[in-house]
Every structure is written in structure tokens, then in C-alpha cells.
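See below for the structure under consideration.
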Amino acid sequence: MNIKSNEKKENSAIELVIEVSAAEFDAAINKVYNKQKKNIMVPGFRKGKVPRKMVEKMYGAQVFFEDAVEEAYPAAYDAALKEAGIVPVAYPKLEIVEVSKDGFTFKALVTVQPEASVKEYKGLVVAKPEVKVTAADVKAEMKPYIDRASRLVSVDRKAKKGDVAVIDFEGFKDGVAFEGGKGENYSLELGSGTFVPGFEEQVIGMKAGEEKDLDITFPENYTADLAGAAVVFKVKVNEVKERQEPALDDEFAKDVSEFDTLDEFKKDLKEKLKARRQQQADRDYEAAVIDALLENLVCDVPEAMVDYRADKMVEEQAMRMQQNGLNFQDYLKYMGLSMDDVRAQAKTAADRAVRTALALDAVAKAEGIEVTQEELDAEVKRLAEQFNVTEEQVREVTNESDMKQDLGSKKALELVKASAKKPAKKKEEAQAETTEAQGE
């Protein structure tokens, strides 16, 4: 392999012209021949025993050229990158220039990381969300426990929202019963929105033993045979049940939790809810800090770099689904999406991810941030514990250089966050907070 030229191009690209020698090309041809010879048949020779020279004589000296180029260029490309000290950040654009028995020459347009700087990164003004949990929030957290401990009791009155009506029903279109429109002793929670719009609303007010015809129009986005159709449901209410909630006392707490008192149960719910909200608030704040940082990024981001990151995101999504036993192509079909649709969706996130990485890398360089071997070892240990594998296994599947860059970016982000400032409060807001504090 020989680099004939190394030239900088626009959009953070470098064009390499790479030459593969006759000896290297001949070795690749021989490799291709050995792979294919078992399928080559020539009269007078046993299958798989035809000499390479005979095949080339019969079909031309170029018979193996195309496959040999495919065989040889990846190693030549990698060797050229190493020799030139180039680290690509996207897929290369390759072009075969010349092929002969004396070897071949190809061009590789390689995208490299662009120059990036950040105008300002200290003292960014970013609002930090405050986390509050009210008594109403705690009550809402208790609702699933209350629902599970509630019981349904038959009542002799008109059905109202929140009740469960046990009904028989059958649907008719133009006087003819349609498929899937019949049910007996079906328990319908009124107000749940599980039936077609307008159905539950008309059952409200009915009593046990009452029968009624419901005029319903199906939505336009319903199944093809019923989309937008006007139908009649004949409904009979067999029973009305009321949901009776348990008394909210210490006994309730013992039944639904590990705590002996209702106060302890509520306190635990409040603390857990506050922790979840704090985690979300921290994520939102970090995203807001990054938004402010990106406003100060000075960089021409190569499109190829964003496309590469988007492709990687799609590959990772497909891999995660496969690990969970889901076929990615089946998922696309079910969602009515094409691969281009998924890539387009990923591209927005990819653009932000690429620009964030460039901005944090610029901050790390500006601040002289370095990652020590101790920090690398600690990260390896953390990953090993997280995924329940050995540290050796972590080192086998991770690139130390990439890990070092990620840790450097995290340190840079922490620096930016630590120096960020809250926006100045308006006079009205400060007065409102003072009044609220006095009230508490």
C-alpha cells in the first residue's frame, strides 16, 4: 500500500489517493480464487480443481479483479489511515481510479472531526427547576393502591361515571348485526373511554334491567368496514356496581405496603416521588445547559458526520429490540415506517448529539481537562458492576480512547453546569415567593 496523495478538502474532509501494489493485488486475487474455485467447472477438470491460470485464460485476466478489489481495499484503507494519522468520524466515500494486473488505485474522501470552539461556556444563564411535592401529589400516588384495595358492590340506582355496568350489547349496521359487535355480561367501567365514543355516555343514567338503543357513529379512523358508519347498539344493563374505596387508615397501609402506619406510607410515597421528580429535573436542567452551550458553539458540522451518527443510532435501536426478542423489520411494518423514516427521525437527535460532543470536546481542550488512569479504571469497575461482568470483559469490548473522551466530556459538562447562573428574578416573582414562604 502506498499513499500517492493526501489533500485537505472543504467540509472537514481529506482526500487520500491510495495505491495497492501488484503483489498485494495478486495475493487478493489468489484469495478470491481459492474461495470460488469449488464452484468453478471446466471440461476436463474435476469440480474445484481448475487451476487459476486456466480460469483466467478462459474468462479473461480480469475475471477476479472486481472481487479482489473488494477483498483488498479495506485493509489498504485502514493502513493508509494509520500511516496518515487520520481518525475518521464518518463512512468514507470511495472511488476506484484504475485497476490492472499491476495493482489498483482508489480515492477515499475521509471526513475528520472539524475545528470547534465555544464563545462562552462559563456563567451561562440557565433556570434550574424546583422540585415540589404537594399533598394532592401524594394522594395521586396512592390512587393505584386505593384502586387495588377497592371492591365493587352492586347498587340499585342509575349508573354514573366511575361505576361498572354489566351489560349485554349487540351492534347493527343498516339493520344487520356486524361482526365483533356483540357481548354478554360485559363489565364496562363508565368513563374509562374503552368503548367507541358516545357509547359509555349513553349508558350513564341507565338502571339494572333497563334496555336502550344507542345511536353511535364510528370515528373516521376506525376499521375500514365501520369507519364513519352510523350504527345502533341494543344494550341491556344487567347490573350496576359501585366502587367502594377502603378507609385510609393504618390498616390500609399495612394491607398495601410494608409500613405499619398511614403516615409512614405517605412519607415513603412522597420521598420516592420527590426523588423521581428530582431525577427528571436534573435531566431537564442538564438539557437546558447543553442548549445554552450549543448556542455558543462555533463549528461547521459535516453532514456526513451527522448521517453516520444517525445510522449508528438506528443500528443500536435495532440491536436493543433484537435483544428483547423483537424483529426490527416487523416493528417497522407494524408502525407503518420505512427505514428512511427511522433515519430521518434519528437525524435530529444525531445532529444534537454530534454538536454536543464537539462543544464539550472544545470546552475540555480549552480547560486542559485530562482523564487519569485511575479515573479510567474506576469507570471500568463501574461498568463491570453495572452489567455484572468482569473488568477484563469490559476492557475487551470497549475502546479506551473512546472511554477517555467520554469521561473528558462528562467532566467538561460538570464544569459548565457548576458555573451556570440562575436568571435574575423579577420583582413580582420575588414578592410572590416571599408571600408563599410567609404563608407556609
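Side chain to side chain, S338 and D341 meet the donor-acceptor criterion of an N or O pair below 3.5 Å. With 3.5 Å as the limit, one finds no donor-acceptor pair spanning the side chains of R276 and Q280. Side chains of D300 and N11: no donor on one and acceptor on the other come within 3.5 Å. S150 and E245 share no donor-acceptor pair across their side chains, judged by distance under 3.5 Å alone.
Between E375 and K411 there is a salt bridge, since at least one side-chain N of the basic residue sits less than 4.0 Å from a carboxylate O of the acidic one. Ionic pairing of E271 and K274 is not present here: no N-O contact between side-chain nitrogen and carboxylate oxygen is shorter than 4.0 angstrom. A salt bridge does not link D137 to K270: none of the charged side-chain nitrogens sits closer than 4.0 Å to a carboxylate oxygen. Ion pair K234/D213 flagged as a salt bridge, since at least one NZ, NE, NH1 or NH2 atom sits closer than 4.0 Å to an Asp/Glu carboxylate oxygen. Salt bridge status for D147 with K143: present, with a side-chain N to carboxylate O gap under 4.0 Å. Of the charged side-chain nitrogens involved, none lies within less than 4.0 Å of a carboxylate oxygen, so that K267 and E264 do not count as a salt-bridged pair. Remark: K272 engages D268 in a salt bridge, criterion side-chain N to carboxylate O under 4.0 Å. Taking the charged nitrogens against the carboxylate oxygens, R243 and E189 do have a contact shorter than 4.0 Å, which makes a salt bridge. Salt bridge annotation for D78-K82: absent, with no cationic side-chain nitrogen under 4.0 angstrom from a carboxylate oxygen. With respect to D291 and R352, a salt bridge is recorded, a charged nitrogen being found less than 4.0 Å from a carboxylate O. With salt bridges taken as basic N to acidic carboxylate O contacts below 4.0 Å, none links E210 and K207. The existence of a salt bridge linking E242 and R157 is confirmed by a sub-4.0 Å separation between a basic side-chain nitrogen and an acidic carboxylate oxygen.
Here the side chains of E379 and L407 are in contact, with some heavy-atom distance below 4.5 Å. Put simply, the side chain of F199 reaches to within 4.5 Å of the side chain of I167, judged on heavy atoms. M305 has its side chain within reach of L358: a pair of non-hydrogen atoms, C-beta onward, lies under 4.5 Å apart.
Side chain of E7 to backbone of E15: no donor-acceptor contact under 3.5 angstrom is found. When atom types are taken as modelled, the side chain of E385 and the backbone of R382 share no donor-acceptor pair closer than 3.5 angstrom.
Residues that satisfy the ring-ring contact (aromatic ring centres under 6.0 Å, His included) test with Y77, not counting sequence neighbours, are absent from this structure.
The aromatic rings of F218 and Y222 lie tilted to each other, with the angle between the two planes from 30° to 60°. F169 and F195 have perpendicular rings, their planes meeting at more than 60° on a 0 to 90° scale where under 30° would count as parallel.
For the pair K173 and F178, the cation-pi test (distance below 6.0 Å, angle within 45°) is failed.
Here side-chain hydrogen bond (donor to acceptor under 3.5 Å, both in side chains) pairs that include residues 395-404, with residues two or more places apart or in two chains, are D377-R395.
Atoms CG and CD1, from L294 and I290 in turn, are 7.0 Å apart once rounded to the nearest 0.5 Å.
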Begin from the C-alpha positions of D225 and E179 and carry the test side chain to side chain contact (heavy atoms under 4.5 Å, CB included) through to its verdict.
CA-CA 10 Å; D225 53 337; E179 187 177 353; over 6 Å; no
Candidate pair K241 and D163, rule salt bridge (Lys or Arg N to Asp or Glu O under 4.0 Å), full reasoning:
CA-CA 6 Å; K241 295 182 179 181; D163 288 341; over 6 Å; no
